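Within every chain, numbering begins at 1; the chains are lettered A, B, ... in the order of the sequence lines, protein sequences first and strands thereafter. Keep in mind it's a predicted model, so treat the numbers as computed, not measured.
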Protein chains: 2
Amino acid sequence: MRPQKINDQELLMGLMSVLSSKGYDGASLNELAESSGLQKASLYYRFPEGKKEITSAVLNFVNEWIKKNIYLLLSNHSIEPLVRLHQVIKNINTLYNNGDAICILRALAMDTGVEIFGAQIKESLQLWIKGFTSLGTDIGMTEKVAKENAFLVLVQIQGSLIVSRGLGSTSIYKTTIKSVEEMYRT
Amino acid sequence: MRPQKINDQELLMGLMSVLSSKGYDGASLNELAESSGLQKASLYYRFPEGKKEITSAVLNFVNEWIKKNIYLLLSNHSIEPLVRLHQVIKNINTLYNNGDAICILRALAMDTGVEIFGAQIKESLQLWIKGFTSLGTDIGMTEKVAKENAFLVLVQIQGSLIVSRGLGSTSIYKTTIKSVEEMYRT
DNA sequence: GTCTATAGCTAGATAGAC
DNA sequence: GTCTATCTAGCTATAGAC
């Protein structure tokens, strides 16, 4: 029982960055190993089922991150709604490197990825929507309007990440983030 | 000089569908050949530089499609603005199979694809934006507002495609299309 | 211009030393 | 628990018949 060279958190963060930027098919085990600081064979020790298990573990990690940093925070009634939003926006900016990153959920939502990881992707998106719906009702929106706005936030942020990447500039991401903040200003 | 078994248009359409749903790394030459109705070696006859040339040709095809079915149509002053919009929406619905397809521009906008095809992706996105900006100014928006709305249309449609795929339902795509139509109702 | 067959390589995955 | 070395399958790409 040797000590772990790399702990789970570091490991998953490295793996996530490769899966996000390259996608499931594009991420090779060599790259995944390199980014995580382990050799291929060691990755198989940590994830015996290989690439599928690696990806699934990363998606669980992402799901936990979203739960903690978006969903639970937006549902936390002991914090002022606009303060929650402000903190969540900061977290989202960190997650997406201020618009310069590819969302792993979209990277994996190709034919290959959806077939295998569809349920996990859906779960994360739903957490996101539930969080923003909660925020909306807390500032006085009806359930219906709050849900519509929550979808709009998700749609616009995902879309702005695509367009930012396609145009090679994060300015539309930044504009979009500002307009999201406006949506909840009372 | 044998006759071509498959013409360029059919060929490119088949290739596009695989590249859209699988992405650049995920699309194998075997799949590309199968979807196009030719054998691998025949694909190399048509595209001597291989997968890169195939993808580049498909992106040119997409660019021409967008130019004709979105940009030029939206800029056609001899048609009523709202009629142009209506027709363009129909074309977009066809392109994206009413929300059930993956946009090839987003499929290729991963690290691997952007590095090689970034300029072509950017060109198509800019055509889209220019078209909707034209529509906006024609119904009385200032240049600034028209451009903001054009970005919003692109961002929302791209985002709604992602979320539709992630949730396994096209309903948010359809809602988004309706709200786009609303944006230009005078 | 399209095909079958195959070369050469890199992918995912495993064996076994330490 | 991590490593080096290696297996096999599938990949991109090519050769050469028709």
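- Put simply, NZ on B:Lys40 is 7 Å from P on D:dC11, counting in whole angstrom units.
- One can place CG of B:Asp25 at 15 Å from P of C:dT10, the figure rounded to the nearest angstrom.
- Residue A:Gln39 is classed as a base contact, given a heavy-atom separation below 4.0 Å to a base.
- Across all strands shown, A:Ala27 has heavy atoms under 4.0 Å from sugar-phosphate atoms exclusively, and none from any base.
- Distance, A:Phe47 CZ to C:dG12 C1': 16 Å, rounded to whole Å.
- Rounded to an integer number of Å, the gap from CG of A:Leu43 to P of D:dT2 is 9 Å.
- With ring centers used as reference points, A:Phe151 lies 6.0 Å or more from A:Phe132.
- When the C1' atom of C:dA11 is taken as reference, atom NZ of B:Lys51 falls 12 Å away, rounded to whole Å.
- Atom pair B:Leu38:CG and C:dT4:P shows a separation of 11 Å (rounding to whole Å applied).
- Nearest nucleotide to the A:Tyr44 side chain, out of D:dT12, D:dT4, C:dA13: C:dA13.
- To the nearest angstrom, C1' of C:dT10 lies 15 Å from CD of A:Glu34.
- Closest to the B:Leu29 side chain, of the nucleotides C:dG1, C:dC18, D:dA13, is D:dA13.
- Remark: the backbone N or O of A:Ala107 is not paired with any side-chain donor or acceptor of A:Lys22 at under 3.5 angstrom.
- The distance from atom CD of B:Glu182 to atom OH of B:Tyr184, rounded to the nearest 0.5 Å, is 13.0 Å.
- Closest contact between the side chain of A:Tyr45 and the listed nucleotides D:dA13, D:dT2, C:dC3 involves D:dT2.
- Among the nucleotides C:dT2, D:dT12, D:dG1, the one closest to any side-chain atom of A:Gln4 is D:dG1.
- Not one side-chain nitrogen or oxygen of A:Ser42 sits closer than 4.0 Å to the OP1 or OP2 atom of D:dG1.
- Rounded to an integer number of Å, the gap from B:Ile6 CD1 to C:dT2 P is 8 Å.
- You'll find that the side chain of A:Lys5 is closest to D:dT2, out of D:dT2, D:dT14, C:dG1.
- For B:Arg46, a side-chain nitrogen or oxygen approaches OP1 or OP2 of C:dT2 to under 4.0 Å.
- Side chains of B:Gln4 and B:Asn7: a donor-acceptor N/O pair is absent below 3.5 angstrom, by distance only.
- With C:dG1, C:dA11, D:dT12 as the candidates, the nucleotide lying closest to the side chain of A:Asn30 is C:dA11.
- Between the side chain of A:Arg84 and the backbone N or O of A:Asn76 there is at least one donor-acceptor pair closer than 3.5 Å.
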